[in-house]
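Everything on this sheet refers to the single structure shown next.
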Protein chains: 2
Amino acid sequence: MYKVKEVAEIAGVSVRTLHHYDKIGLLHPGALTDAGYRLYSDENLEVLQQILFFKEIGLPLEEIKNILDRPDFDRKKTLEVHKELLLEKKLRIEKMIQTLDNTLQTLKGGRKMESKELFNGLSMKEIKEHQAKYADEVRDKYGKEMTENVDKKTSAYSETDWSDIQTTTNEIYYRIIANMAKGPDDAEVQTAVGEWRQLITERYYDCTLEIFRGLGDLYVADERFTKNLNKYHENFAPFLQEAIHHYCDQHKN
Amino acid sequence: MYKVKEVAEIAGVSVRTLHHYDKIGLLHPGALTDAGYRLYSDENLEVLQQILFFKEIGLPLEEIKNILDRPDFDRKKTLEVHKELLLEKKLRIEKMIQTLDNTLQTLKGGRKMESKELFNGLSMKEIKEHQAKYADEVRDKYGKEMTENVDKKTSAYSETDWSDIQTTTNEIYYRIIANMAKGPDDAEVQTAVGEWRQLITERYYDCTLEIFRGLGDLYVADERFTKNLNKYHENFAPFLQEAIHHYCDQHKN
DNA sequence: ATTGACACTAACGCAACGTCAGCGTTTACG
DNA sequence: CGTAAACGCTGACGTTGCGTTAGTGTCAAT
């Protein structure tokens, strides 16, 4: 028979935890002294180990109680269901990390973008700067000739070409806005989003899915973008982000 | 100026959430009616979007408050630190899933092991059954000739060979127990664990790291094993599990 | 004037303990 | 044997991000 502190040390848990398990009926000590001190038997210790094992796996105490209380409880199914939960959790976290990475990428190059101009109304110089943020990444993936290529692309535009691009951009934006009510995953919205990416690729730089997603995040994370986009329509920025996310998810495979 | 419900619908959050954000000072409405109704401005909506963006990433509200309150707050560092947290979380979950998988594997073959005997005192028949649980998995990885090979291995032992094996096993167990005080990652313990795996591989079946780890989990998850092992020394089973986990972690790369 | 629809403010609930606070018990030491 | 240290006990609040009543007030329409 061991007292709380001993058990706590043996099992590597806190005394409070044992109190807790006692209170919620997960593990009652085998006996009590006259003074009301908890005394745990060897058998209690074994059960505690089982509890800790299931806990390590991430099962909630309530489930553990079920498993231990009734031997007829379907352990296998419980564990399988739990595994699904864990897999979902993992996916969610991976998505978060993805988004975070994109945002960080964006922030890294951020210093170069101190201009008051916003993406849609960017001057050629600024467009190039924006593209430059991804230069390293792009270089890594496709070799250096591409980056130089991009450089030529943007600098070659004349002023008229430029306003042409803006017009097209506006067109796409308005097509999206016209369909906002139908949600970010609406077919027309998605088509427009695809064209938007297409435009970027053609005229600025190869807009990979990753970069594109980063752009979507940027629209919400950077208030300069947000404010500008929301001039078109309130909540346009977040809507666009969602739409781009959806687009990237769809085209992922 | 929008009332709570409108904002809730636009942003896709609950009214309660807005109340909450108001109370904790994360997002106060721009104005109040005489009756005390909350009125949100367009600017408020933008901020809300930012909040939701950071929330999606998994940042706690308190951090979000910091980021929004003071523009000089180091966003980048915060996000980087947060990313580390997420990566750790992901690792933990992956470990859980691993352990779960092992346990499930064990449970699947469980019906075949209804014998009252325990691993250490197993008859040849039972050893084969135990090994059979991993047969599919092994077959997938190394081809079928191996599985058959194992079959021959165990059935070829004479009774004397058998008791020899038991003796060796006991020896290893006692060596481990002698060093329990030094912890599961003690060098001698780890050596013994390695020999134990070696023995299994030589005499029973190729004990991959995965299978070995599964065995460790089994010692704690299946009370028949637990009880038997704890006859050697109380808490031997969980100790062995930890030691095996450590061993597998070390030999992973 | 009544009736919905909508708004407000508490305040409890959840998961799994951490962390005091206030107070009794056991043990070791002089 | 007295006393202090070490240990034990029981509340009860704090944490995180809201969900969920509960009780009550306000606004627009009939």
Side-chain angles (χ1 to χ4, degrees), chain A residues 1-41 44 48 50-68 78 82 85-86 89 92-93 96, chain B residues 1-41 44 48 50-68 78 82 85-86 89 92-93 96:
Chain A
M1 295 304 231
Y2 315 86
K3 292 198 271 188
V4 268
K5 207 195 175 188
E6 300 177 80
V7 178
E9 276 165 6
I10 293 172
V13 300
S14 73
V15 171
R16 179 64 173 90
T17 299
L18 294 173
H19 284 177
H20 188 56
Y21 289 174
D22 186 1
K23 179 170 294 176
I24 68 175
L26 184 56
L27 177 62
H28 294 304
L32 296 177
T33 69
D34 292 350
Y37 285 23
R38 274 164 263 252
L39 293 178
Y40 293 84
S41 66
N44 288 156
L48 179 54
Q50 304 249 351
I51 292 174
L52 295 180
F53 173 75
F54 288 121
K55 201 184 99 173
E56 195 186 307
I57 278 176
L59 270 187
L61 300 187
E62 194 53 39
E63 289 293 326
I64 298 178
K65 206 157 94 103
N66 286 332
I67 289 185
L68 295 181
T78 305
H82 186 60
L85 279 180
L86 287 180
K89 253 193 191 172
R92 282 210 305 277
I93 289 182
M96 287 181 192
Chain B
M1 295 304 234
Y2 315 87
K3 293 198 270 188
V4 268
K5 205 194 176 189
E6 299 177 79
V7 177
E9 275 165 6
I10 292 171
V13 300
S14 74
V15 172
R16 177 65 174 95
T17 299
L18 294 173
H19 284 178
H20 188 57
Y21 291 173
D22 187 1
K23 178 171 293 177
I24 67 176
L26 185 55
L27 177 63
H28 294 304
L32 295 178
T33 69
D34 293 349
Y37 285 23
R38 273 165 263 254
L39 294 177
Y40 292 86
S41 65
N44 289 155
L48 181 54
Q50 303 250 352
I51 292 173
L52 295 180
F53 172 74
F54 288 121
K55 203 184 96 172
E56 194 186 309
I57 279 177
L59 272 186
L61 299 186
E62 193 53 40
E63 287 293 324
I64 298 179
K65 207 156 92 104
N66 285 332
I67 290 183
L68 296 180
T78 304
H82 186 60
L85 285 178
L86 286 180
K89 248 193 193 173
R92 284 210 304 278
I93 289 182
M96 288 182 190

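Naming convention: chains lettered A, B, ... in sequence-line order (proteins, then strands); numbering from 1 in each chain. Side chains included, hydrogens not; waters and symmetry mates left out as well; all remaining heavy atoms used. Note that this is a predicted model, so its numbers are computed, not measured.
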| message | Between A/H20 and A/L61, is the side chain to side chain contact (heavy atoms under 4.5 Å, CB included) condition met? List the steps. | response | CA-CA 11 Å; A/H20 188 56; A/L61 300 187; 4.2 Å; yes

| Nearest nucleotide by nearest heavy atom, which residue falls closer to the 5' end of DNA chain D, B/R16 or B/P60? | B/P60

| Any idea which of D/dC27, D/dG19, D/dG8 is nearest the A/K5 side chain? |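 Closest nucleotide among those given: D/dG8.
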
Going from [atom1] on [X] to [atom2] on [Y], what distance comes out if it is rounded to the nearest 0.5 angstrom?
X	Y	atom1	atom2	answer
A/L27	A/I64	CG	CD1	11.5 Å
B/L48	B/I10	CG	CD1	9.5 Å
B/L52	B/Y21	CG	OH	6.0 Å
A/Y40	A/H28	OH	NE2	10.0 Å

Spacing between [X] atom [atom1] and [N] atom [atom2], to the nearest angstrom:
X	N	atom1	atom2	value
B/L18	D/dG17	CG	C1'	13 Å
B/K55	D/dG17	NZ	P	9 Å
B/L61	D/dT15	CG	P	14 Å
A/L39	D/dG8	CG	P	11 Å
A/E6	D/dC7	CD	P	11 Å
A/D22	D/dC9	CG	C1'	11 Å
A/H19	D/dG8	NE2	C1'	7 Å
A/H20	D/dT10	NE2	C1'	15 Å

| query | With respect to the phosphate group of D/dC18, does any side-chain polar atom (N or O) of B/Y21 fall under 4.0 Å of OP1 or OP2? | reply |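 Answer is yes, contact under 4.0 Å.
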
| Is the phosphate of D/dT16, meaning OP1 or OP2, less than 4.0 Å from a side-chain N or O of B/K23? |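 Indeed not, no polar side-chain atom of B/K23 lies that close.
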
| request: Using a heavy-atom cut-off of under 4.0 Å over every strand shown, decide if B/T33 touches base, sugar-phosphate, or nothing. | output: nothing

| field | Flag, side chain of B/E56 to backbone of B/F53, donor-acceptor distance under 3.5 Å | value |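 Not a single qualifying donor-acceptor pair exists.
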
| task | List the steps and the verdict of side chain to side chain contact (heavy atoms under 4.5 Å, CB included) for A/H82 and A/I57. | result | CA-CA 9 Å; A/H82 186 60; A/I57 278 176; 3.7 Å; yes

| remark: Nt span of DNA chain C in reach of chain B heavy atoms at under 4.0 Å, 5' end first, is C/dC6 to C/dA11

| said: Need to verify one output field. Residue with the more 5' nearest nucleotide on DNA chain C, A/T17 or A/Y37? | reply: A/T17

| 5' precedence on DNA chain C between A/E62 and A/D34 (nearest-nucleotide basis) |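 By nearest-heavy-atom nucleotide position, the 5'-most residue is A/E62.
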
